[in-house]
Amino acid sequence: MARQPELREIEHLTAAAAAGRGGAVVLSGELGIGKSTLVEAAVSGLEGFEVLRADGTEFEQDLLHAVLHQLCSPALAHLHRLPPVQREALEVVFGLGRGPSPGPLTVGLAVLGLLREAARRRPVCCVVDDAQWLDEGSRRVLGFVARRLDAERIAMIFAARNVDAVPSLSDLPRLPLEGLSDEDARTLLGAASNAPHAALDAEVFERILAEASGNPLALVEFAHDAGPFGVPGPRNRHAGVITSLETHIARRLEQVPAAVRELVVLAAADPVGDPRLLRHAAGLLGLDLADLAVAENAGILTLGARLRFRHPLVRSTAYGLAAPRVRRRVHGALAEATEPESDADRRAWHRAHAVLDADEDAAAELERSADRARSRGGFAAAAAFMERAGQLTPASEGQARRLLAAAQLRLRAGTPAAARALVDRAELRLLEEPAYTQARLLRARVDYQLSRSPQATAALVDIVTEFAPEQARETCLEVFASIMFNENDPALLRDLGTRMRERAPRPDSSQPADLLLDALLDQFMLPVPEAVPGMRGAADACRAAAVSGSAGSWQLILGSQLFIDLRDAEGLVQMADRNVEGARRQRALAILPQALRYQAIAWITVGRLEETGALLAEARAIDEAAGTVPLLGAELVHTAFCGDADHFRKLCRTAGEGRRLVESVGEQHAWTVLHNGLGDHEAALESALEIQSGLQAGTYGLWAVSRELVEAAARTGRVQEAATAMRHLEALAAANPTPWALADWLQARALLGQGEDEDREPLYQQAIDHLAPTRARLPYARARLTYGEWLRSENRHAEARVELRVAHDLLASMGARGFAARAARALRAAGAQTHARGGNLDQLTAKERLVVQQVAAGATSKEVGALLFLSPRTIDTHLRNVYRKLGITSRRQLRRMPL
């Protein structure tokens, strides 16, 4: 009757999926606006599709993978076709087998594989209604899958009231629904009233229109509510639409017999809608499930292979209106009817809602469910189980222990405010040691997570050093490392560093973590000559630990930062590669993304910018599967060196949104690199001076900015503003004479013209000679570029063309397109032409370039898919697009191209 444009959008989505170009869409709008009806209209017309459905429910949003189980159950017949790792992962998740709990990334890939197998026979349409109530695990997995359907015969349709409140879905394509227009509302009301418009009392008709405010559900329900002569039933004219709807539904429920109402409550308490389970539970209550036909005739629900309520509001109203005694009865029956071997967590959840008083057996069962959820990474679900266990615990001491455990889980789930409320409740139990100390520590950590301010950090340091001195150094390192890249108040940061020095003094230890904390504090609190020895010692200790097989800890990953600031390319690459190897070997998905980001910085240094994109894509995919907000610093630096200004600005707009930390240090440095690469040296200098000002005041900043500042100052003629950067480079080269540090110092002297003009050329050449035998290929290419630009400025065009040609070819082959374009401009000014690289590579998307890089290196579609978390079919689709754009037809031709 309405919604034709929206219906066509969904039809386009499903038609594309049938043709192997899948995708996802989220329908958004208020309750009753017509999301479910629109989806029903769209999927009812699908021919040749397998439709998989699931509904989020408020009652089960704390049950890990509850919606995923609903959605995938009909497709489990294809489970045997999956690779063993994926098959075993889903068997564990769905209670079909035993084994170690799989990580979120493995589950996401397994679900994608399962849907792909189902789609081999016919295309698949997944429908998830009330997605605002998705449980944590299902939300992460389905969001992961929804972004990987480009070349699949799969369409996904989500319906949610407030999409922005649903992480993982908020950035998917959206189809918002508004209230019906006046014309459509009149048409719908006229049809729903089952009487010609002219036969209705005009005043009543207009009153219903006004009260419904274009809400389709309200229009239909209010029309059915009309009594004799079209007079509407009693309603509070001042109530909102939803309240009026709930009142109307309540009256309809009251009209069915009491036994049927109890059956309706039973069905409302079981979101799965499994008739077999409901029949068993009804029998335990002395009821006959067949009596639900009365409720079906009353328009409350629909019976079939799966029981469905007419609308989610009907379910929630039926459950909410039931007396607590009735709710406990139905949950008790559902708990008894649920198989403990296959669905222990849902059984425990029902049992917890069936008891009235404290019950240690029920609490212990919930705690076991919490442990299972925690082992699967479902911290929100584990917290919900543990919180309910605490509520049911008879003994005060045990209650406090479980509430504090729930608070810890809420903190790990990223909801510190909920964690604080649980700590408050635990503290009312007159805690004794060790619970008292645990509560103090938890409260301090919660306050830190809520504000991440230096003040909260200082308070955490004080409490940890007082109550848990054995945790002091590691806690200090953890909190300082998390704040150093984001805090711009030098006084507060310096005060925090001083407090850490006093409360957690340097031990007589050679452990990397101990050395690392002191090195980071030295770096921003001491002059360069005094800071370098501690930094060098910590860096070498971290490298030794990584080489000896200890790689993979977050402390050692942070150690890579020291190699960046010390300008040690060999150490950086070795450290970063070992950390990624260690994290992969240990399957440490919590730290692998950050290890990959430091490896990305290392690969940028050695000139592997094209391959770096694959590392960052993998890091994003792992974060996405785990529900973690990804850090963007490394991606900003990579994009800056690539010279992609449009994508860089898009990333900057993304940074700081929602729960994302603003990585000001990385962002400011990346702006400087981007502007220098594009030749906007004035902007580069302003950005670099801002970073330098912070360094002088006492904030943390990347030491690499000094080299960028000198180049920008030289190109703009503002050489006097580079004095501080020159002193820094000189001090670093003297205290830490690595080839890269020496090259930076020599090149800076040449750029600023320190000495007579005839002395500048040896400085450029010495800088190049220092870098030539190292793995710092990108700095080497830039050194050739600046030398060539100087030769051109001296009108030595023939010599300039040689240097600029080498620089251009190196930079272009690395993927540093901004700097390569700068070299090309200088070459043309010197009287030479540049040659296009790799045909039409600029036409390729970022993902297509990643695929090209891997295939050209000899990787198969399956290998590339595993690296980028895409299916081999998706990789083949990207390759077909690449062939078309480049005018080639085979992998052999692709490998022969100058990429």
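Atom set for the values below is all heavy atoms of this structure, side chains included, hydrogens, waters and symmetry mates excluded. All figures in this text were calculated on a predicted structure; none of them were measured in a lab. If you read the sequence from its start, that first residue is 1, and numbering goes on from there.
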- Note on the structure: CG (D680) and CZ (R822) are apart, to the nearest 0.5 Å, by 11.5 Å

- Task: Sort and list the pairs that fulfil side chain to side chain donor-acceptor pair (under 3.5 Å) and have at least one residue in residues 80-91, not counting sequence neighbours.
- Result: H78-R81

- Query: What heavy-atom pair brings A800 and G788 nearest, and what distance separates the two atoms?
  - Reply: CB-O, 3.6 Å

- Smallest heavy-atom separation, A600 atom then L616 atom, equals CB-CD2, 3.9 Å

- Below 4.0 angstrom, N of the basic side chain to O of the carboxylate: do R817 and E610 qualify? yes

- Would you check, one step at a time, whether the test side chain to side chain contact (heavy atoms under 4.5 Å, CB included) holds for F641 with T612? CA-CA 11 Å; F641 274 109; T612 296; over 6 Å; no

- Message: Does either side chain, that of R891 or that of S861, offer a donor lying less than 3.5 Å from an acceptor on the other one?
- Response: yes

- Message: I want to check something: taking the side chain as every heavy atom from C-beta on, are V127 and F158 in contact at a cut-off of under 4.5 Å?
- Response: no

- Task: Return yes if a side-chain donor-acceptor contact under 3.5 Å exists between Y764 and Q747, otherwise no.
- Result: no

- Message: Can you tell whether the side chains of D744 and R782 come within less than 4.0 Å, N to carboxylate O?
- Response: no

- State, yes or no, whether a side-chain contact exists between R153 and R21 at a heavy-atom distance under 4.5 Å. no

- Straight-line distance of F819 CZ to L778 CG, nearest 0.5 Å: 7.0 Å

For residues 11-19, which side-chain N or O atoms pair as donor and acceptor with protein atoms under 3.5 Å away, sequence neighbours left out?
residue, atom, partner, partner atom, Å
H12, ND1, R8, O, 3.4
T14, OG1, I10, O, 3.2
T14, OG1, E11, O, 3.0

- Item | Salt bridge flag under 4.0 Å for residues R620 and E635 | yes

- Message: Return the CG to CZ distance between L114 and F94, rounded to the nearest 0.5 Å.
- Response: 7.0 Å

- Task: Drop me the distance from I557's CD1 to R578's CZ, to the nearest 0.5 angstrom.
- Result: 14.5 Å

- Can you check salt bridge (Lys or Arg N to Asp or Glu O under 4.0 Å) on E570 and R543, steps first, answer last? CA-CA 11 Å; E570 310 299 326; R543 174 163 52 181; over 6 Å; no

- Item | Residues H681, E711; criterion side chain to side chain contact (heavy atoms under 4.5 Å, CB included); working and verdict | CA-CA 8 Å; H681 299 296; E711 180 173 328; 4.2 Å; yes

- Scanning both residues in full, the closest heavy-atom pair of L52 with P74 reads CD2-CB, 3.8 Å

- Verdict with reasoning, L785 to L811, per side chain to side chain contact (heavy atoms under 4.5 Å, CB included): CA-CA 9 Å; L785 170 60; L811 292 164; 4.2 Å; yes

- Side-chain ion pair, E789 and R715, N-O less than 4.0 Å: yes

- Query: Is the side chain of R148 donor-acceptor paired with the backbone N or O of F144 at a distance under 3.5 Å, no angle test?
  - Reply: yes

- Query: Among side-chain atoms of T874 and D150, is any donor-acceptor pair under 3.5 angstrom?
  - Reply: no

- Query: Salt bridge between E152 and R116, side-chain N to carboxylate O under 4.0 Å?
  - Reply: yes

- Item | CA sep, side-chain torsions, deciding dist, call: R597, D623, salt bridge (Lys or Arg N to Asp or Glu O under 4.0 Å) | CA-CA 12 Å; R597 291 185 179 99; D623 281 335; 2.6 Å; yes

- Chi angles and distances behind the side chain to side chain contact (heavy atoms under 4.5 Å, CB included) call for R122, F49: CA-CA 6 Å; R122 51 180 177 167; F49 268 79; over 6 Å; no

- Message: Looking at D568, is its backbone amide N or carbonyl O close enough to the side chain of T738 to form a donor-acceptor pair, meaning the two atoms are under 3.5 Å apart?
- Response: no

- Message: Checking N676 against W671: is there a side-chain donor and acceptor pair closer than 3.5 Å?
- Response: no

- Taking the six-membered ring of Y883, is NZ or CZ of R880 closer than 6.0 Å to its centre and within 45° of its axis? no

- Task: Return the minimal non-hydrogen interatomic distance between A640 and A670, and the atom names on each side.
- Result: CB-O, 3.3 Å

- Side-chain donor or acceptor of T605 paired with backbone N/O of I601 under 3.5 Å: yes

- Message: Distance check, rounded to the nearest 0.5 Å: E117 atom CD versus L76 atom CG?
- Response: 13.0 Å

- Shortest non-hydrogen contact from Q765 toward Y787: NE2-OH, 3.0 Å

- Task: Ignoring hydrogens and angles, tell me if any N or O in the side chain of R801 forms a donor-acceptor pair with the backbone of A830 under 3.5 Å.
- Result: yes

- Okay, side chain of S138, backbone of L68: is any donor-acceptor separation there less than 3.5 Å? yes

- Query: Side chains of N579 and Q599: donor-acceptor distance under 3.5 Å anywhere?
  - Reply: no

- Message: Please report the interatomic distance CG(L609) to CZ(R777), rounded to the nearest 0.5 Å.
- Response: 14.0 Å

- When you look at E803 and R792, which way does the salt bridge (Lys or Arg N to Asp or Glu O under 4.0 Å) test go after all the steps? CA-CA 10 Å; E803 293 298 319; R792 187 184 67 79; over 6 Å; no

